[in-house]
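These notes concern the structure reproduced below.
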Amino acid sequence: MCGIVGYVGPQDALDVVLEGLRRLEYRGYDSAGVAVRVGNGASGELASAKKAGKLANLEKVLADQPLPSSTIGIGHTRWATHGGPTDRNAHPHLSADGRVAVIHNGIIENFAALRTECEKRGIEFSSETDTEVVAHLLAAAYDEAPAGVDRFAEAMRAVCRRLEGAFTLVATHADEPDTVVAARRNSPLVVGVGETADGTPEYFLGSDVAAFIAHTREARELGQDQVVEIDRARGLTVTDFSGAPAEPKAYTVDWDAAAAEKGGYDWFMLKEIAEQPRAVADTLLGRLGEHGELVLDEVRLSDQELRDIDKVFVVACGTAYHAGLIAKYAIEHWTRIPVEVEVASEFRYRDPVLDRSTLVVVISQSGETMDTLMALRHAKDQKARVLAICNANGSTIPRESDAVLYTHAGPEVAVASTKGFTTQVVACYLVGLFLAQVRGLKYEDEVAAIVEDLRALPDKVAEVLEQMEPVRALGRSLADANTILFLGRHVAFPVALEGALKLKELAYIHAEGFAAGELKHGPIALIDQGTPVIVVVPSPRSRESVHGKVVSNIQEVRARGARTIVIAEEGDEDVVPYADHVIRVPRTPTLLAPVVTTVPLQVLACEIADTRGYDVDQPRNLAKSVTVE
Ligand code: M6R
């Protein structure tokens, strides 16, 4: 997600901030900006510059119109969420009086209500972001806060108490010559504590340590719901949002700059796998409106048009296609509308039957996949309605769609999609519930109950991630396999396909996913002595004894010599007699289980590829975004 840098110290702040932003470029971004506080004494000014596109664009602006030199500065690289990637929406955002500058990472869920409140006070907004509201609120809170040493921090605490959602905020004020304040809830923020060669203290803020690792390795990690005030003379003061003192966790960073970008992980893929609890939570942020209605990001369709839909196609490629296969189960179950799922590269060539009452759901992490874009354009030519599930804000696919749900997973750097997939699956559930609600098939409280189950997913994914050591060991033992088969039924079938795809693309091992019931119709002939077969077992509570049938399938392959690796719910003892290895996952409602059961398959593929000595982040022959047909 967004990159954040702040600096208070003796060096030129702009130089330090720009260098920090460069080190955060790996996070992915679509605009950048900086602000510095200038002037001597209590009353100064803020100077800022921001520009859409890469840092080079911002640097060109700064070369044409240099900012005055300063020793307090903040900087931001933005990954667009609310509002497209434009100059206006780039951070920092200034208050209406120009006295406060704010940068932000995260999503402020209640920004719409706060924006209305500011507008009623006569404030004109200059961007479409959720962030700008904080600049205006902070300026007002500062004016109302009692004069004193921690006035700015008190203002920040007052604002944070009103915010809902996830945020890291860093702010500077024209009247504060020595102080920067920052806050965090659900989004990361680290403080770097250093000194220059002559022993002068200096302080850094970063969304991760890569922002300041060139200057210091001494870091302080802020806890949840905390505000930090950094003052040139008084150093760091940390409190919670009510003002009670808090102690930040001190640690020494022992990574080099490259490791810092990957958060200490060996591969971006591992980092992105680990980010899934946060990414899934962000996909769900702000989805329930005031009256229990589901909220997408953009809807340019009327309720009547949505009610008229009598057929859904889900169209996507690769991993996103697998998310689409899961969508079919959820959308049909909740809406009773027939759903067809199709790979985008095939869709338009077979002349599908489309009209105004067809909804085509396109799924794309990048928003630029050419096959998916062409399918979308074909659907629109045939007058179908198009809803996009997408991660990259401002990309072509959401721009050309009638409705959009962004996954808010943050940039995915590794070619193999991980958090992209799990957040797409969650987004598909939201689309299913949205359609059911619009068509009057689900009451608000029914939707709220399922959303509660969805909100439990991040903790369940985190639980799975904590138990991955035996899976890694298993991965190392599978590194010499020639063929690995994946089986699943019901929603576990697309999970089996996804597990096989991950293994193919990363480890270059022949892998295939099958619907477990299809095995006896041919593929069972592939099983030889020792062939690893990974079986994703549905919940024992799933309908029509799907579970029992999969347990029988495990017995069938084992009887033919397979080495069986079984992913099963905690407490499912039926699988134990037939499993050579059991990977446990927490109990999860049947339809939602793919978000949890996919995670061990991601870890397994990554470990096998790493053991075989391959580049996990950049597998051979593949590109992250496939912009050719
Ligand atoms: O950006 P998209 O979601 O449209 O990309 C679709 C596929 O190219 C992508 O999911 C691909 O299959 C991944 N490399 C799988 O890990």
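Counting convention: from 1, in listed order, for ligands and their atoms alike. Counting from 1, the numbers follow the sequence of the chain as shown.
Every atom of ligand 1 is numbered from 1 in the order shown, and the set under 4.0 Å from a heavy atom of Gly318 is 12 (O). Close contacts between ligand 1 and Glu505 involve ligand atoms 13 (C), 14 (N), 15 (C), 16 (O) [criterion: under 4.0 Å to a heavy atom]. Here is the list of ligand 1 atoms found below 4.0 Å of a heavy atom in Gln365: 1 (O), 2 (P), 3 (O), 4 (O). Applying the 4.0 Å criterion to heavy atoms of Ser417 picks out, from ligand 1, the atoms 15 (C), 16 (O). Below 4.0 Å from some heavy atom of Lys502 lie the following atoms of ligand 1, by number and element: 15 (C), 16 (O). Shown in contact with Ser366 at under 4.0 Å from a heavy atom are these atoms of ligand 1, numbered in order with element: 1 (O), 2 (P), 4 (O). Interface atoms of ligand 1 facing Ala320, defined by a heavy-atom separation under 4.0 Å, are 3 (O), 10 (O). Each of the atoms 1 (O), 2 (P), 3 (O), 4 (O) of ligand 1 lies under 4.0 Å from some heavy atom of Ser364.
Considering backbone and side-chain N/O of Thr372, none are found under 3.5 Å from N/O of ligand 1.
Across all their heavy atoms, Ala80 and Asp30 have their closest contact at N-OD2, 3.0 Å.
For Asp381, the CG atom counts as densely surrounded, since its 6.0 Å shell holds more than 12 non-hydrogen atoms of other residues, nucleotides or ligands. More than 12 heavy atoms of other residues, nucleotides or ligands shown are found within 6.0 angstrom of NZ on Lys271. More than 12 non-hydrogen atoms from other residues, nucleotides or ligands lie less than 6.0 angstrom from CZ of Arg300.
Closest protein heavy atom to atom 7 (C) of ligand 1: Cys317 O, 3.6 Å. Here the protein heavy atom with the shortest distance to atom 11 (C) of ligand 1 is Thr319 N, 4.2 Å. Of the protein's heavy atoms, Val626 CG2, 4.1 Å lies nearest to atom 8 (O) of ligand 1.
The nearest non-hydrogen atom to atom 4 (O) of ligand 1, considering only Leu622, Thr369, Val415, Asp371, comes from Thr369.
Side-chain atoms of Phe486 and Leu503, non-hydrogen and from C-beta on, do get closer than 4.5 Å to each other.
Aromatic ring centres of His322 and Phe421 lie farther apart than the 6.0 Å criterion allows.
Remark: Arg620 is positioned above the aromatic ring of Tyr508, its terminal NZ or CZ atom under 6.0 angstrom from the ring centre and at most 45 degrees off the axis.
Within the 4.0 Å heavy-atom shell around ligand 1 one does not find Glu368.
With values rounded to the nearest 0.5 angstrom, Ile331 atom CD1 is found 11.0 Å from Tyr429 atom OH.
The main-chain N or O of Asn89 is found under 3.5 Å from a side-chain atom of Thr86 such that the two form a donor-acceptor pair.
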